[in-house]
2 protein chains.
Amino acid sequence: MGRKLYLEILNELHRYVNENALQPGDKLPSERVLSDQLNVGRSSVREALRSLEILGVIETRRGEGTFLCDISGHQLVELLSTFILTSNKSKTDINELKVLLEKSALQLFKSRANEIDTSKLIELASEIVKTQKNSFDAHTLLFREIFLRANNQLLMKIWILLSEYARMSEDSFISTNILEYLKFINSLNCESNEIIAAYEKLIKSV
Amino acid sequence: MGRKLYLEILNELHRYVNENALQPGDKLPSERVLSDQLNVGRSSVREALRSLEILGVIETRRGEGTFLCDISGHQLVELLSTFILTSNKSKTDINELKVLLEKSALQLFKSRANEIDTSKLIELASEIVKTQKNSFDAHTLLFREIFLRANNQLLMKIWILLSEYARMSEDSFISTNILEYLKFINSLNCESNEIIAAYEKLIKSV
DNA sequence: ATAGGCTAAGTGGTATGACCACTTAGTGAG
DNA sequence: CTCACTAAGTGGTCATACCACTTAGCCTAT
């Protein structure tokens, strides 16, 4: 038992979440109950919970309890921004990487989707672009659908992280030009390289 | 002061590290000293420290103290592997994303490099491939150089994370075929799309 | 004087108990 | 039936007391 206690507790929590098939939004046992059941001090439980919170895995609400999170990980983003990404280049890096990931997602999507998938996406995308007033939200919602269909959860999670950071830093590079968006959406029927071309045109039309 | 205390402490620590220009390996004040100076309880200090530890920012050694870490973030990798990447598809996701990032890096590199950069890289790459016996290491070293020249730190950090995980899971997809590597390296002189083609051929030659 | 072991101080690790602030549900008065 | 209040439960914080471990300094025996 040389390992640190809060890491053991992390494992127990992990087991608990899996065994009970907890979903995002579900409630975890209270700190006092956990410390009783695991035979550890409440402070140790709290240390474990804090490290989960900073990672965006859980959310704690005073007076209510501890809940499983929907990824989001805004804490992580914030910490990355203060601790790791301190350089001036970081903002540029983030936006650049975001674009790269979106390109990758487009290619992945195209390599996996059949015609029906594509036409469904196009329909959905048109609806999104028409509905949303805020172009940043429209872009995010649209690409959320694309990433879902790209079928790589890890890729999507990183992208969501970057999107949140981009929103925080209010450095949105997204065009309000709806026409460009419609062109881009239509290009989804074409070959991979044409889609990328349309995407690059879209991005550059700021 | 609605914000949570441990987040405030995180800020204070950040300030301290910056003001004193602490380097990786340097020692932080002890928990008791911190709780005195900041006028907070030791348990709150510890909660802040745990969230830094889980992120791989600091390292604590019983009886010695708390020390700043050099990046790498192996803790983060481990946690990703246990908490975020629990699905069965995760290994596939990781390898797939790693490939996508390497493609992105190649394109970034090509968009930024001039002829001299390219020829220098080719020389270096040839040397690496000839020297390294382990194909996984050769691949990692080679792409490390490429990512450095792609000039996006965030992209590189994520790739390093994935590389470490790939090494841990011993699921290396890398060919031992040196010939394919040499072909790939030579392609670096060509246009972007030809490089990508050579890379894909390399990856598929497992 | 030196080598070896011992001791004390400092440090992180953990448990416990005591409050506080907040939320919720239930209870009771109107 | 409605509204206000109360009690229980929950996270947030602090203080204290140990434990386990490391280090440095002292003291002893050689």
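The analysis underlying the following values was restricted to heavy atoms, covering all of them including side chains, and did not include hydrogens, waters or symmetry mates. Naming convention: chains lettered A, B, ... in sequence-line order (proteins, then strands); numbering from 1 in each chain. A quick note: this is a predicted structure, and the numbers were derived from the prediction, not measured.
Contact of A/R42 with C/dG17 (side chain to base): no donor-acceptor pair of N or O atoms is detected under 3.5 Å. Applying the 3.5 Å distance criterion, the base of C/dG10 shares no donor-acceptor pair with the side chain of B/R32.
Atom P of nucleotide C/dT11 and atom NZ of A/K4 are separated by 16 Å, given to the nearest angstrom. The interatomic distance linking B/E59 (CD) with C/dT11 (C1') rounds to 14 Å, in whole Å. As rounded to whole Å, 14 Å separates atom P of D/dA20 from atom CG of A/L5. One can place CD of B/E64 at 17 Å from P of C/dG10, the figure rounded to the nearest angstrom. The CZ-C1' distance, from A/F67 to C/dT23, rounds to 10 Å in whole Å. In this structure, the CZ atom of B/R50 is 11 Å from the C1' atom of C/dT14, given to the nearest Å. A/E31 places its CD atom 16 Å from the P atom of C/dG17, with the value rounded to the nearest Å.
Here B/E53 pairs with A/K4 in a salt bridge; the nearest charged N to carboxylate O distance falls below 4.0 Å. Ionic pairing of B/E127 and B/K130 is not present here: no N-O contact between side-chain nitrogen and carboxylate oxygen is shorter than 4.0 angstrom.
In this structure, a donor-acceptor pair under 3.5 Å is absent between the side chains of B/H14 and B/E19.
Looking at heavy-atom distances under 4.0 Å, B/S43 makes contact with a base.
For A/F143 and A/Y199, the ring centers sit closer than 6.0 Å to each other.
Comparing A/G63 and A/G41, the nucleotide of DNA chain C nearest to each residue sits closer to the 5' end for A/G41.
Using a 4.0 Å cut-off, some side-chain N or O of A/T60 falls inside it from OP1 or OP2 of D/dG12.
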